[in-house]
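Comments concern the structure below.
Worth saying up front: this structure is predicted, and the values here are computed from it rather than measured. Chain identifiers are assigned alphabetically (A, B, ...) following the order of the sequence lines, protein sequences preceding nucleic acid strands; residue numbering begins at 1 within each chain.
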There are 2 protein chains.
Amino acid sequence: MEYNNVMARTPTTFDVFNAIAEPKRRELMNLLQSGARTVNAIAEMLGWRQPQVSKHLAVLHRVGLVQSEARGREHYYRLDAAGLREIHEWTATFEEYWEHQLVRIKQHAEEKARMAKRRD
Amino acid sequence: MEYNNVMARTPTTFDVFNAIAEPKRRELMNLLQSGARTVNAIAEMLGWRQPQVSKHLAVLHRVGLVQSEARGREHYYRLDAAGLREIHEWTATFEEYWEHQLVRIKQHAEEKARMAKRRD
DNA sequence: TTGACATATTCCCATAATGGAATATAATAA
DNA sequence: TTATTATATTCCATTATGGGAATATGTCAA
């Protein structure tokens, strides 16, 4: 596959960033935090149709965010969230930006508190 | 806009997760860590065409990841990365999964070291 | 073997994204 | 005012998405 010149959009299956850009897949990941689940179990818990569950699981599986294990005709899917580390670390490089904001909010609050005290 | 039934894909401009799913936009964010920049400056530094820079900046701006300030005909864009906090925190809820993996790797290494020592 | 169950895959549709090229808009300078 | 510079927007072609429905595949049970 050539995704250099004529790329319409980074395919969902290319990397973890794209895989979790889909809210439903984040929902799925969240659900799997409670343990390995069967496709049908997931479908029922989330109220989705089975093919949709399979498709979203397939995407997560391709980028390595879930693993599956077949037990008879049932396939158990479980988290393999190590791939999220990359995202966690990338966002961490921006941490100072929201901390600056938090500091500003905190200062604002303290300022207000001082003003209130002075009025006593 | 109705994005309930006939959604082809979560639009890029919907949330921060989608905005940063595009690698070029992450590159742009990375660049802006060094400070506010002009559209043309960005284009030159990254080797992109000006309209592409403007478009990607527009997406980032819509989800609030950058702010812009016009100084004459030049528009300076700077990071406003607080929106990434949401992502950082979501991935953090999965931290134990990669830590488990790290522990396993570490144990494996220690095991190997013990075996090597025993052989001395 | 056959039927039922669990999951995966395929086809279709509507939507939208990206890059490129061209063009529009806005601001400055001559 | 007009030319130039900086940026934004529009149009196009290509690609891919996600849901639904139907169907294929695989596994077990009778």
For [X] and [N], give me the distance from atom [atom1] to atom [atom2], rounded to whole Å.
| X | N | atom1 | atom2 | result |
| --- | --- | --- | --- | --- |
| B:Glu22 | D:dT15 | CD | C1' | 13 Å |
| A:Leu57 | C:dT7 | CG | C1' | 10 Å |
| A:Leu60 | D:dT17 | CG | P | 13 Å |
| A:Asp15 | D:dT17 | CG | P | 12 Å |
| A:Leu46 | D:dG19 | CG | C1' | 15 Å |
| A:Glu27 | D:dG19 | CD | P | 11 Å |
| B:Arg26 | C:dT18 | CZ | P | 12 Å |
| B:Lys24 | C:dG20 | NZ | P | 7 Å |

Legend entry - A:Tyr76 reachable from A:Leu57 in the ILVMFWY side-chain graph, under 4.5 Å edges: no
Legend entry - Single-linkage hydrophobic cluster B:Val63~B:Leu31, side-chain heavy atoms < 4.5 angstrom: yes
Inset, instruction - Enumerate the residues from residues 36-45 of chain B whose closest heavy atom to DNA chain D is under 4.0 Å, giving them by residue number; use none for an empty result. - result: B:Thr38, B:Val39, B:Asn40
Please produce a list of atom pairs where a protein N or O lies less than 3.5 Å from an N or O of nucleotides 9-11 of chain D.
| from | atom 1 | to | atom 2 | distance (Å) |
| --- | --- | --- | --- | --- |
| D:dT10 | O4 | B:Lys55 | NZ | 3.4 |

Inset, instruction - May I ask you to evaluate whether A:Arg49 reaches the phosphate of D:dA21, defined as a side-chain N or O under 4.0 Å from OP1 or OP2? - result: yes
Legend entry - D:dA6 phosphate, OP1 or OP2, under 4.0 Å from B:His75 side-chain N/O: no
Legend entry - B:His56: partners by ring pair (Phe, Tyr, Trp, His ring centres under 6.0 Å), with sequence neighbours left out: B:Trp48
Inset, instruction - Not counting sequence neighbours, list each pair that qualifies as a salt bridge (charged side-chain N to carboxylate O under 4.0 Å, His left out) and has a residue in residues 68-81 of chain B. - result: none
Inset, instruction - Among B:His88, B:Glu86, B:Arg85, find the residue that satisfies the side-chain hydrogen bond (donor to acceptor under 3.5 Å, both in side chains) test when tested with A:Thr91. - result: B:His88
Inset, instruction - Flag the pair A:Glu22 and A:Arg26 as a salt bridge only when some basic side-chain nitrogen lies within less than 4.0 angstrom of an acidic carboxylate oxygen. - result: no
Inset, instruction - Could you check whether B:His56 gets within reach of a base, just the sugar-phosphate, or nothing at all, counting any heavy atom under 4.0 Å? - result: sugar-phosphate
Inset, instruction - Using a 4.0 Å heavy-atom cut-off across all strands, classify A:Tyr77 as base, sugar-phosphate, or nothing. - result: sugar-phosphate
[X] vs [Y] side-chain heavy atoms within contact, under 4.5 Å:
| X | Y | answer |
| --- | --- | --- |
| A:Ile20 | A:Ile87 | yes |
| A:Asn18 | B:Asn18 | no |
| A:Tyr97 | B:Leu84 | no |

Inset, instruction - Could you run through nucleotides 25-30 of chain C and give me one letter per nucleotide, 5' to 3': B if any protein heavy atom sits under 4.0 Å from the base, S if only the sugar-phosphate is that close, - if neither? - result: --BBS-
Inset, instruction - Using the test side-chain hydrogen bond (donor to acceptor under 3.5 Å, both in side chains), find all partners of B:Ser54 that sit at least two apart in sequence or belong to another chain. - result: B:Gln50
Inset, instruction - May I ask you to check whether over 12 heavy atoms, not counting those of B:Glu44, lie within 6.0 Å of atom CD? - result: no
Inset, instruction - For B:Gln33, look at atom CD and say whether over 12 heavy atoms of other residues, nucleotides or ligands are found less than 6.0 Å away. - result: yes
